Amino acid sequence: MVKQVNFGDELVSPEEKTRRVGAVFSSVAKRYDVMNDLMSGGMHRLWKDRFVARVKPRPGELILDMAGGTGDVAFRMARRGASVTVADINPDMLEVGKERADERTLTGLAWKVENAEKLSFADGVFDAYTIVFGIRNVTDIPATLREARRVLKRGGRFYCMEFSSSDWPGFSDIYEAFASKVIPRIGKAVADDEDSYRYLVESIRRFPKPPAFQAMVTEAGFVRAAAEPMLGGLVTIHSGWKI
Ligand code: SAM
C-alpha cells in the first residue's frame with residue numbers, strides 16, 4: 001500500500017502532497033509578503049530578525065537559505081555580508097524574491113530551484129543552513145534534515161524556525177480561533193484564496209511539537225540540538241551543529 005502523508009488535515013500520496021504544496025505557493029506568491037504581515041500583525045519581521053541574530057552570518061560565509069521563498073531571511077543575512085543561496089522548490093516564489101532583491105539593489109544572493117529532500121549541491125559546501133517556515137511543507141522531513149547535514153561543512157550550523165501550537169492556555173485558544181477562522185477569511189479577501197490559507201493553518205497544527213522535532217534533528221546526526229521557544233512555543237528556533 002502506498003504510504004499516505006498529511007496535506008493539512010487530508011491524507012494524500014507523497015507525490016500529491018508535493019504537487020499540492022507547489023500549487024499553494026504558486027497561488028500565494030504575489031501576495032505572500034503582504035499576507036505575512038496581515039497574518040502575524042507584522043510579528044514575522046521581528047521573528048526573522050531574532051532568527052538571523054541567532055545565525056550570526058559573517059562576511060564571506062556561504063549560507064543556504066532553504067525554502068527561502070521571496071527572500072525575507074536571505075536579505076537579512078546578505079546585508080550582514082554573507083553569500084546566500086536562496087533555494088526553493090517553487091520558481092514563482094523565487095521570481096517574486098528576485099524582483100524584491102532588485103528593488104533593494106542587494107548583492108551576494110544566488111537563486112536556485114531545489115527540492116529540500118534531494119539537493120543538487122555537493123557534500124560539505126555551506127557554513128550554515130537555514131530554513132524558516134519551510135520544513136513543515138516538505139513531504140519527507142527526515143530526508144530534508146539528512147540533506148541539510150550532508151551539504152554543511154564540518155562545524156556547520158543548522159537553524160530552523162517553525163510554528164507550533166503555543167502552550168500558553170489563554171493565548172493558544174485565542175490564536176487557534178484567529179488561525180482557523182480569521183486567517184482563511186483574510187486569505188479570501190486579500191488573495192482570493194481561502195483554501196491555500198486554510199492549508200497553511202492546518203499544516204502548522206500538524207507539525208511535530210518542538211521536543212519531537214528536536215529529536216528528529218538529533219536523529220539526522222546533528223549535535224547539541226536545541227530549541228528556543230517564543231510566545232510559549234508558537235514559534236521556535238531550532239538549531240544543531242554538524243561535527
Ligand atoms: N522562508 C520564507 C519566509 O519565511 O518568508 C518562505 C516560507 S514559505 C511559508 C514556505 C516555502 O517552502 C515556500 O516558498 C515553498 O515553495 C517552500 N517549499 C515547500 N516544499 C519545499 C521543498 N520540498 N523544497 C524546497 N522548498 C519547499
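Note that ligands are numbered from 1 as they come in the structure, with each ligand's atoms numbered from 1 the same way. One-based numbering along the sequence shown. Just so it is clear, the structure is predicted and the values come from calculations on it, not from any experiment.
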Open item on the list: Would you call the rings of Tyr129 and Phe158 parallel, tilted or perpendicular, taking 30° and 60° as the class edges?
Closed with: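 Because their plane-to-plane angle is under 30°, the rings of Tyr129 and Phe158 count as parallel.
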Task: contact_flag His44 ligand 1 heavy-atom lt 4.0 Å - done: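 No.
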- [ ] Assess Glu114 for proximity to ligand 1: is some non-hydrogen atom of it under 4.0 Å away?
- [x]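 The answer is yes: ligand 1 sits under 4.0 Å from a heavy atom of Glu114.
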TODO: Please state which part of Met66 comes within less than 4.0 Å of ligand 1, counting heavy atoms only: side chain, backbone, both or neither.
DONE: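 Near ligand 1, Met66 shows its side chain, while the N, CA, C and O stay back.
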TODO: With heavy atoms under 4.0 Å as the rule, classify the contact between Val21 and ligand 1 as side chain, backbone, both or neither.
DONE: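 It is the side chain that touches ligand 1; the backbone stays farther off.
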Output a table of donor-acceptor pairs, distance under 3.5 Å, between side-chain atoms of residues 132-142 and any protein atom two or more places apart or on a different chain; print 'none' if there are none.
unit_1	atom_1	unit_2	atom_2	d
Arg136	NE	Ser203	OG	2.9
Arg136	NH1	Glu162	OE2	2.7
Asn137	OD1	Tyr199	OH	2.7
Asn137	ND2	Phe133	O	3.3
Asn137	ND2	Gly134	O	3.4
Thr139	OG1	Thr18	OG1	2.8
Asp140	OD1	Ala143	N	3.1

TODO: Please confirm whether Val138 comes within less than 3.5 Å of ligand 1 when only nitrogen or oxygen atoms on both sides are compared.
DONE: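 No, since none of the N or O atoms of Val138 sits under 3.5 Å from an N or O of ligand 1.
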- [ ] Using distance alone, determine whether Val73 and ligand 1 share an N or O pair under 3.5 Å.
- [x]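 No; the residue has no nitrogen or oxygen that sits under 3.5 Å from a nitrogen or oxygen of the ligand.
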Can you name the atoms of ligand 1, numbered from 1 with element, that are less than 4.0 Å from a heavy atom of [X]?
| X | value |
| --- | --- |
| Asn90 | 16 (O) |
| Asn115 | 22 (C), 23 (N), 24 (N) |
| Phe133 | 4 (O), 7 (C), 8 (S), 9 (C), 10 (C) |
| Asn137 | 10 (C), 19 (C), 20 (N) |

- [ ] Taking all heavy atoms of Ala220 and all of Leu145, pick out the closest pair and write down the distance.
- [x]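 The pair with the smallest heavy-atom distance is CB-CB, 3.5 Å.
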TODO: Starting from the C-alpha separation in whole Å, work towards a yes-or-no answer on side-chain hydrogen bond (donor to acceptor under 3.5 Å, both in side chains) for Ser13 and Gln4.
DONE: CA-CA 5 Å; Ser13 72; Gln4 301 268 287; 5.6 Å; no
TODO: Considering heavy atoms of the protein only, find what lies nearest to atom 3 (C) of ligand 1 and give residue, atom and distance to 0.1 Å.
DONE: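 I find the closest protein heavy atom is Tyr32 OH, 3.5 Å.
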- [ ] State whether Tyr159 and Lys56 meet the cation-pi test: NZ (Lys) or CZ (Arg) under 6.0 Å from the six-membered ring centroid, and within 45° of the perpendicular axis.
- [x]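 Negative - Lys56 is either too far from the ring of Tyr159 or too far off its axis.
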TODO: Just go through Thr70, Asp88, Val86 and tell me whose heavy atom is the nearest to atom 14 (O) of ligand 1.
DONE: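 It is Asp88 that holds the nearest heavy atom.
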Residues 77-86, side-chain donor-acceptor partners within the protein, below 3.5 Å, at least two apart:
none

